[in-house]
2 protein chains.
Amino acid sequence: MLSFVEENYLKAIYHLSEAGKRSVNTNSLAEEMKTAPASVSDMIKRLSEKKMVDYQKYRGVNVSGKGKIKALHVIRQHRIWKVFLVEKLNFQWDQLDEVAEQLEHIKSPLLIQRLDEFLGFPKFDPHGDPIPDENGQLIEKRKDPITQLPVGTAGIVVGVNGSSASFLKYLDKVGISIGTRLQIVDRMEFDGSVDVTIDGKKTITISPTVAENILLSEA
Amino acid sequence: MLSFVEENYLKAIYHLSEAGKRSVNTNSLAEEMKTAPASVSDMIKRLSEKKMVDYQKYRGVNVSGKGKIKALHVIRQHRIWKVFLVEKLNFQWDQLDEVAEQLEHIKSPLLIQRLDEFLGFPKFDPHGDPIPDENGQLIEKRKDPITQLPVGTAGIVVGVNGSSASFLKYLDKVGISIGTRLQIVDRMEFDGSVDVTIDGKKTITISPTVAENILLSEA
DNA sequence: AATTTTTATTAGACTAATCTAAATACTATA
DNA sequence: TATAGTATTTAGATTAGTCTAATAAAAATT
């Protein structure tokens, strides 16, 4: 049985390694966990003894097979709770993570199974990130930033890059959220600004920075 | 900010003192917390420094004003989560406590406020225990065990004493739960067994022990 | 009232998770 | 390739929460 803290380290290692592809160095993990590099070394040693990570001194760390499953398990719970918070309790995007980071550590397979069922077995969380299944399988969905799609393309907003509170608030204000249908109607040559029609109703202009951070699925 | 463990001690002290009426001795608290008496002494000292309990060496301990509010806060969250688990996720009575004891410690006023609203501001949990309001106010409801009510009385099941898994399972099996309407139709002189009609449909005989542990409200 | 029994507290040690400061290994550059 | 610089690990200390064993206080019993 892992502690909350160990689960959080595992999740951070998994994320920073881009789903286990590369190995993570101590300093970036320390920054992510808001802790001292020395603490990271200590913790990695413990996780290594528990066979949750692959680790060689001075060589960085990565999740092991067991560790990856555990990490995906926590991520699954995190994302399912987010769906609940948004769909049932009307949480705003910027209020989600603080609470979901507590709820994700509740240990009860029955709870998460029933919650999943109650929510209709969602496949994506409110930020458009896919929800791993009970076995840790991830169904990746193609997602492209608006900047990389040609004029004329229509799609559903399935996610955003980054999650700064101010960005999420901006999206809320202009009426863009997960599930919103957008059509790219024009792109200015000079700066890359894009005109998009929101749900077929109003058309607004978004900056290239915003366009880069809104992900559309090819629907 | 109190830790999970501190919150659990506070809750236990509150319960054992019968809502702050008498003071609690170290051994019973140790038993309740499944820990050594020495650990209890240590913890009480800490809680006392934080002004959450009133404590004099060798004289027992009790919740302070601050501590009582904190305890009721945790109890409120516990009971609201139980309502959620039963009403939305179809949990059985005997699966409730393990999960609710984790969920009760989630720190988010917004979460519990929204959850309360989502559930329609319930006043009682699935065991019939009253839910304190945000200020820690408890609306106590008269509850009498079946053994203490005369033949002919009808009422709603609003609670049960004790919560052994086997007892709760028995109740489930015979079709008794919170909200069930019972009428006392007969009481055997020789052993105190009671015949009760369940929701006006079938009549069953229950043992005096069972009768003593089912609480009816005078509805 | 003195003594025994019970109950409660302290003393000292242990683990998990953290820290700062010091030491060590790796990397890059001259 | 020697050295300067950066990244990482170890050493040693700290805090929360726990334990066992020893001590002290209170309660009960003779």
Novice: Going by salt bridge (Lys or Arg N to Asp or Glu O under 4.0 Å), name the residues that satisfy it together with B/D94, two or more places apart in sequence or in a different chain.
Specialist: B/K169
Novice: Do any of residues 4-12 of chain A sit with a heavy atom less than 4.0 Å from DNA chain D, and if so which?
Specialist: none
Novice: Pick out the pairs of N or O atoms, protein on one side and nucleotides 10-14 of chain C on the other, that lie under 3.5 Å.
Specialist:
from	atom 1	to	atom 2	distance (Å)
C/dT10	OP1	B/K57	NZ	2.6
C/dT10	OP2	B/K45	NZ	2.7

Novice: Please report, to 0.1 Å, the donor-acceptor pairs under 3.5 Å made by any side chain of residues 46-60 of chain A, with sequence neighbours excluded.
Specialist:
from	atom 1	to	atom 2	distance (Å)
A/K50	NZ	A/E6	OE1	3.2
A/K50	NZ	A/E6	OE2	2.8

Novice: Send over the distance from A/I44 CD1 to C/dT18 C1', rounded to a whole Å.
Specialist: 15 Å
Novice: Quick one: salt bridge (Lys or Arg N to Asp or Glu O under 4.0 Å) partners of B/E32, sequence neighbours excluded?
Specialist: none
Novice: Without decimals, in angstroms, what is the distance between B/R59 CZ and D/dA24 C1'?
Specialist: 14 Å
Novice: Can you tell me how far P of D/dA16 sits from CG of B/L47, to the nearest Å?
Specialist: 12 Å
Novice: For the residue pair A/N213 and A/P145, establish whether any side-chain heavy-atom pair is separated by less than 4.5 Å.
Specialist: no
Novice: Please enumerate all residues that pass salt bridge (Lys or Arg N to Asp or Glu O under 4.0 Å) together with A/D129, with sequence neighbours excluded.
Specialist: A/K143
Novice: What is the distance from CG of A/L29 to P of D/dT9, rounded to the nearest Å?
Specialist: 10 Å
Novice: Tell me whether the side-chain N/O atoms of B/T35 come closer than 4.0 Å to OP1 or OP2 in D/dG17.
Specialist: no
Novice: Does a nitrogen or oxygen in the side chain of B/R46 sit under 4.0 Å from OP1 or OP2 of D/dG17?
Specialist: yes
Novice: I need the CD-P distance between A/E49 and C/dT15, as an integer number of Å.
Specialist: 12 Å
Novice: Among residues at least two apart in sequence or on other chains, which ones pass side chain to side chain contact (heavy atoms under 4.5 Å, CB included) with B/N25?
Specialist: B/S28
Novice: Determine: side-chain N/O of B/S39 to OP1/OP2 of D/dC19, distance under 4.0 Å, yes or no.
Specialist: yes
Novice: Would you say a side-chain N or O of A/T26 is under 4.0 Å from OP1 or OP2 of D/dT9?
Specialist: yes
Novice: How close or far is atom C1' of D/dT9 from atom OH of A/Y58, stated in whole angstroms?
Specialist: 4 Å
Novice: Sorted by first residue and then second, give each salt bridge (charged side-chain N to carboxylate O under 4.0 Å, His left out) pair with at least one member in residues 105-117 of chain B; sequence neighbours left out.
Specialist: B/E7-B/K107, B/R76-B/D116
Novice: Contact between A/D97 and A/H78 at the side-chain level, heavy atoms closer than 4.5 Å - yes or no?
Specialist: yes
Novice: What is the separation between atom CG on A/N27 and atom P on C/dA25, rounded to the nearest whole Å?
Specialist: 18 Å
Novice: How close or far is atom P of D/dT9 from atom CD of A/Q56, stated in whole angstroms?
Specialist: 11 Å
Novice: Just to verify, what does A/T180 make a side chain to side chain contact (heavy atoms under 4.5 Å, CB included) with, not counting sequence neighbours?
Specialist: A/V157, A/S177, A/L182, A/I198, A/D199
